[in-house]
Amino acid sequence: MNPLRRVARNPTAYRRLILDAWPLAEGLESVLRFATGGRRGVLDLAGLPSAQITTKGRKTGLARTATVHYVAAADGLLVVGSNWGRPDHPSWSANVKAAERVIVRRRGQRLEAKARLLTGDERARAWATVVAQWPNYQIAQDRAGGRRFRVFLLTPTS
């Protein structure tokens with residue numbers, strides 16, 4: 001297993017290095033994406049499944065891109081708006097919530113997907129799937145206070 005993935009999966013290390021050092025991780029993400037022409041980022045270094053999602057900004061209409069960790073599901077990709085366990089939703093999740101379609105780039109492929117915010121029992125099942133794949137989401141959820149993470153299903157349309 002990738003040594004960085006081993007560190008990231010460790011709950012204690014996740015609390016200290018990832019959740020408390022999110023500004024460093026976000027800065028490093030920008031530098032790596034720039035240096036590699038968008039092909040590699042922090043999650044890639046840690047051996048975690050990641051994708052870049054692009055959608056229109058809900059206020060500006062300009063294209064906005066964010067790198068997200070995803071969990072594969074039978075009918076698409078599950079993405080979680082954890083925002084490092086901070087009390088506010090990440091801005092990308094508000095843009096995805098407002099949009100019907102997103103562009104997903106992962107592993108050198110580009111595809112269009114329908115984005116849907118999951119609610120109720122469907123969200124509960126998706127959350128169980130996500131936490132089974134990445135238990136540290138529960139740590140971040142516990143740190144977020146009363147905010148409930150948004151969970152989206154991205155279903156390829158082409």
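Keep in mind that the numbers below use all heavy atoms, side chains included, and drop hydrogens, waters and symmetry copies. For this chain, numbers begin at 1 and follow the sequence in order.
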Closest non-hydrogen atom pair between Ser93 and Arg150, with its separation:
OG-NH1, 3.0 Å
Point-to-point distance, once rounded to the nearest 0.5 Å, from CZ of Arg123 to CZ of Phe149:
9.0 Å
List, one per line, each side-chain donor-acceptor pair under 3.5 Å for residues 113-120, sequence neighbours excluded.
{"from": "Arg116", "atom 1": "NH1", "to": "Glu122", "atom 2": "OE1", "distance (Å)": "2.7"}
{"from": "Arg116", "atom 1": "NH1", "to": "Glu122", "atom 2": "OE2", "distance (Å)": "3.3"}
{"from": "Arg116", "atom 1": "NH2", "to": "Glu122", "atom 2": "OE2", "distance (Å)": "2.9"}

Find the distance between CG (Asn95) and OG1 (Thr65) and round it off to the nearest 0.5 Å.
10.0 Å
Measuring from Ile103:CD1 to Leu154:CG, what's the distance to the nearest 0.5 Å?
11.0 Å
Looking only at heavy atoms, what is the nearest atom pair of Gly76 and Pro156, with distance?
CA-CD, 4.1 Å
Test of understanding: with side-chain contact (heavy atoms from CB on, under 4.5 Å), list the residues that count as partners of Ser91, not counting sequence neighbours.
none
Any side-chain heavy atom of Trp127 within less than 4.5 Å of one from Arg125?
no
Just to verify, what does His69 make a ring pair (Phe, Tyr, Trp, His ring centres under 6.0 Å) with, not counting sequence neighbours?
Trp134, Tyr137
Student check: side-chain heavy atoms of Arg147 and Asn83 closer than 4.5 Å:
yes
Taking salt bridge (Lys or Arg N to Asp or Glu O under 4.0 Å) as the definition, give me every residue that meets it alongside Arg86, ordered by chain and number, with sequence neighbours left out.
Glu26
Residues Ala132 and Pro135: closest non-hydrogen pair is O-CD, 4.4 Å
Can you establish whether the number of heavy atoms outside Gln138 located under 6.0 Å from its atom CD is more than 12?
yes
Does the side chain of Lys97 come within less than 4.5 Å of Phe152's, by heavy atoms?
yes
Residues that Thr129 engages under side-chain contact (heavy atoms from CB on, under 4.5 Å), provided they are two or more places apart
Val71, Leu78
When you compare the side chain of Leu77 with that of Arg106, does any pair of heavy atoms fall below 4.5 Å?
yes
Arg101: what forms a salt bridge (Lys or Arg N to Asp or Glu O under 4.0 Å) with it, not counting sequence neighbours?
Glu112
Would you indicate whether Asp142, at its atom CG, is surrounded by more than 12 heavy atoms from other residues, nucleotides or ligands within a distance under 6.0 Å?
yes
